[in-house]
Asks: 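Provided herewith is a single structure, encoded as structure tokens, for subsequent inquiry.
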Amino acid sequence: MTLATPVRAVAHGRRATTAAPQTMGAALLSAPRRIRWTTLEVPSLRPGELLVRVGASGICGSDLAAYAGHHPYKRPPVVLGHELAGTVTGLGSGVQSVAPGERVCAAAFSPCDRCEQCQGGRPQLCSHKANLSAGGWHGSFAEYVVLRENMAFALPPGIPLTRGALVEPLAIGVHTARVAALGGSPSSVVAVGGGTIGLCCLIAAGKLFGATTLAVDIGETKRKLALAVGAAQFVDAAAGDAPAAICDALDGGADVTFLASGHPRALDDAVACTRSGGTVVVVSFFPGPARLDMNAAVRREVSMKTASLCTRADVETVLEWAGRGELAAERLVTHRFPLAQAGRALQMLAGRSRQVGKILLEAPDTTSEDVQ
């Protein structure tokens with residue numbers, strides 16, 4: 001069914017009427033590495049949902065995995081995309097926290113809000129959560145996306161939508177840094193994997209805990225991006241023994257290593273980068289079973305943790321930074337494409353990942369200077 005009648009809603013004391021579109025342009029992934037811009041029906045709004053006109057959407061590593069055909073649960077046919085910002089154009093019944101015309105960003109999932117994990121403040125662990133771009137729920141590589149109220153966040157005044165689309169990946173970095181439980185004396189951290197998530201972990205570790213940050217990846221583009229967001233050093237893994245270089249630079253290894261790479265040797269490299277008694281936090285998914293030499297970890301009592309998604313508090317932390325003009329993740333953007341060229345952008349990322357940082361897809365009427 002499509003939404004064929006105007007939406008009337010009261011939010012923040014204001015009554016608004018919004019004409020609802022019946023169709024939208026969308027980048028549909030029909031099979032691995034096959035994506036095309038097509039016309040889809042706009043889903044009907046159910047209670048607790050809102051319709052958002054997409055202004056900007058980032059391409060995540062998980063989108064690339066789904067495009068390539070090896071994501072664990074995002075399968076075609078589907079519209080990818082979950083790092084988004086846009087303008088609310090319609091509300092389902094019961095929505096109170098936002099109003100039509102407001103700008104929002106979003107988490108990548110909607111928790112059930114009822115289970116023990118949700119009630120305990122751990123919605124990212126909700127076993128009943130629904131994920132964008134999965135289970136028939138189309139994502140944000142489209143002109144419109146349907147969100148649930150408990151995953152939507154109002155943007156601070158004056159924040160461009162292109163900036164708002166970076167809130168979600170940085171919130172994952174904040175959550176990962178908090179999982180690491182850094183504290184006490186100044187700490188050293190290294191990201192094995194200098195993509196968006198790895199570097200967002202470094203940004204968060206620096207801002208939250210004052211940690212000294214380093215990154216490991218391959219190539220000049222990754223080096224420039226790591227240094228741009230404050231990394232004290234970049235180690236090019238193509239130049240030799242990266243763990244040895246990290247251990248030399250940090251007198252025995254990092255206190256915490258963030259693993260943000262699905263490379264077959266990544267787990268072993270992460271352990272080798274970490275000092276005895278230190279911690280590895282895995283934030284990456286892998287295309288298949290991952291290898292780990294447990295003997296190396298046991299000998300040096302290296303702890304292993306994992307981090308998944310983010311909490312409301314993590315997003316709110318990033319929104320506070322954004323409101324103060326402290327969104328360093330903007331420096332990760334290297335390419336911008338129109339929404340309708342999502343397929344071209346994914347094809348480029350798949351073939352030139354070492355030369356590409358964050359890619360933003362933008363609506364035709366959205367620019368980086370677009371403010372509220």
Side-chain angles (χ1 to χ4, degrees), residues 29 31-34 59-76 78 80 82 108-109 117 122 124-135 139 169 172-173 175-177 179-180 189-201 215-218 222 235 237-238 241-244 246-247 253-254 256-276 278-310 346 349-351 353-354:
L29 180 71
R33 298 183 182 272
R34 296 186 62 181
I59 296 181
C60 176
S62 64
D63 296 317
L64 182 60
Y67 172 75
H70 51 71
H71 192 278
Y73 58 84
K74 294 183 179 182
R75 308 286 187 188
V78 68
L80 300 173
H82 57 268
F109 67 100
Q117 298 289 2
R122 300 175 296 273
Q124 79 281 9
L125 303 181
C126 173
S127 59
H128 307 293
K129 65 180 176 291
N131 297 282
L132 269 176
S133 302
I172 290 178
H175 181 69
T176 305
V179 166
V189 302
V190 61
V192 175
T196 297
I197 296 301
L199 296 184
C200 281
C201 291
V216 176
D217 209 304
I218 294 175
K222 300 298 186 182
V235 174
D241 190 338
I246 290 294
C247 290
V256 171
T257 298
F258 298 121
L259 178 53
S261 168
H263 190 278
R265 294 195 311 271
L267 278 168
D268 286 334
D269 285 348
V271 170
C273 286
T274 309
R275 67 168 176 81
S276 295
T279 302
V280 173
V281 183
V282 181
V283 68
S284 176
F285 279 106
F286 296 83
R291 176 187 179 276
L292 172 63
D293 179 2
M294 280 300 298
N295 290 334
V298 171
R299 279 195 301 269
R300 294 170 39 242
E301 292 189 0
V302 172
S303 300
M304 303 288 292
K305 295 184 176 182
T306 60
S308 179
L309 301 170
C310 60
L346 281 160
L349 183 59
S353 60
R354 293 177 183 173

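None of these values were measured; they are calculated from a predicted model.
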Asks: Are there more than 12 heavy atoms of other residues, nucleotides or ligands under 6.0 Å from atom CZ of R265?
Replies: no
Asks: If you measure from OG1 on T257 to CG on L267, what distance do you get to the nearest 0.5 Å?
Replies: 11.5 Å
Asks: Start with the C-alpha gap between I59 and L349, add the side-chain angles, then the distance that decides, and say whether side-chain contact (heavy atoms from CB on, under 4.5 Å) holds.
Replies: CA-CA 9 Å; I59 296 181; L349 183 59; 3.8 Å; yes
Asks: Give the ring-plane orientation class for F285 versus H71, where under 30° counts as parallel, over 60° as perpendicular and anything between as tilted.
Replies: tilted
Asks: Quick one: does H82's side chain get under 4.5 Å of C60's, heavy atoms only?
Replies: yes
Asks: Counting N and O atoms only, with roles assigned by atom type, does the side chain of K74 sit under 3.5 Å from a partner on the main chain of D63, one being a donor and the other an acceptor?
Replies: no
Asks: May I ask you to check whether over 12 heavy atoms, not counting those of R34, lie within 6.0 Å of atom CZ?
Replies: no
Asks: Rounded to the nearest 0.5 Å, what separation is found between the NE2 atom of H263 and the CD1 atom of I218?
Replies: 6.5 Å
Asks: If you compare all heavy atoms of A307 against all heavy atoms of V281, which two are closest, and at what distance to 0.1 Å?
Replies: CB-CG1, 4.0 Å
Asks: Please name the pair of heavy atoms, one in L29 and one in P76, separated by the smallest distance, quoted to 0.1 Å.
Replies: O-CB, 3.2 Å
Asks: Hey, could you give me the SG/CZ distance between C310 and F109, rounded to the nearest 0.5 Å?
Replies: 5.5 Å
Asks: Show, in sequence, the C-alpha distance, side-chain angles and deciding distance for M304 and V271, and conclude whether the side-chain contact (heavy atoms from CB on, under 4.5 Å) test is met.
Replies: CA-CA 9 Å; M304 303 288 292; V271 170; 4.3 Å; yes
Asks: Heavy atoms only: give me the nearest V283-C201 pair and the separation to one decimal.
Replies: CG1-SG, 4.4 Å
Asks: Roughly how far apart are D217 CG and L199 CG, rounded to 0.5 Å?
Replies: 8.0 Å
Asks: Work out which heavy atom in S261 is nearest to a heavy atom in F286; give both atom names and the distance.
Replies: O-CE2, 3.6 Å
Asks: Can you measure from CZ (R275) to SG (C247) and round to the nearest 0.5 angstrom?
Replies: 11.5 Å
Asks: Quick check for you: to the nearest 0.5 Å, what is the distance between I197 atom CD1 and I172 atom CD1?
Replies: 4.5 Å
Asks: Does a side-chain heavy-atom distance below 4.5 Å link H175 with L309?
Replies: no
Asks: Quick check: closest heavy atoms across F258 and A180, and the distance to 0.1 Å?
Replies: CE2-CB, 4.0 Å
Asks: Would you find a donor on one side and an acceptor on the other, under 3.5 Å apart, between the side chain of K305 and the backbone of V179?
Replies: yes
Asks: Give me the atom names and distance for the closest heavy-atom approach of C273 to P243.
Replies: SG-CA, 3.7 Å
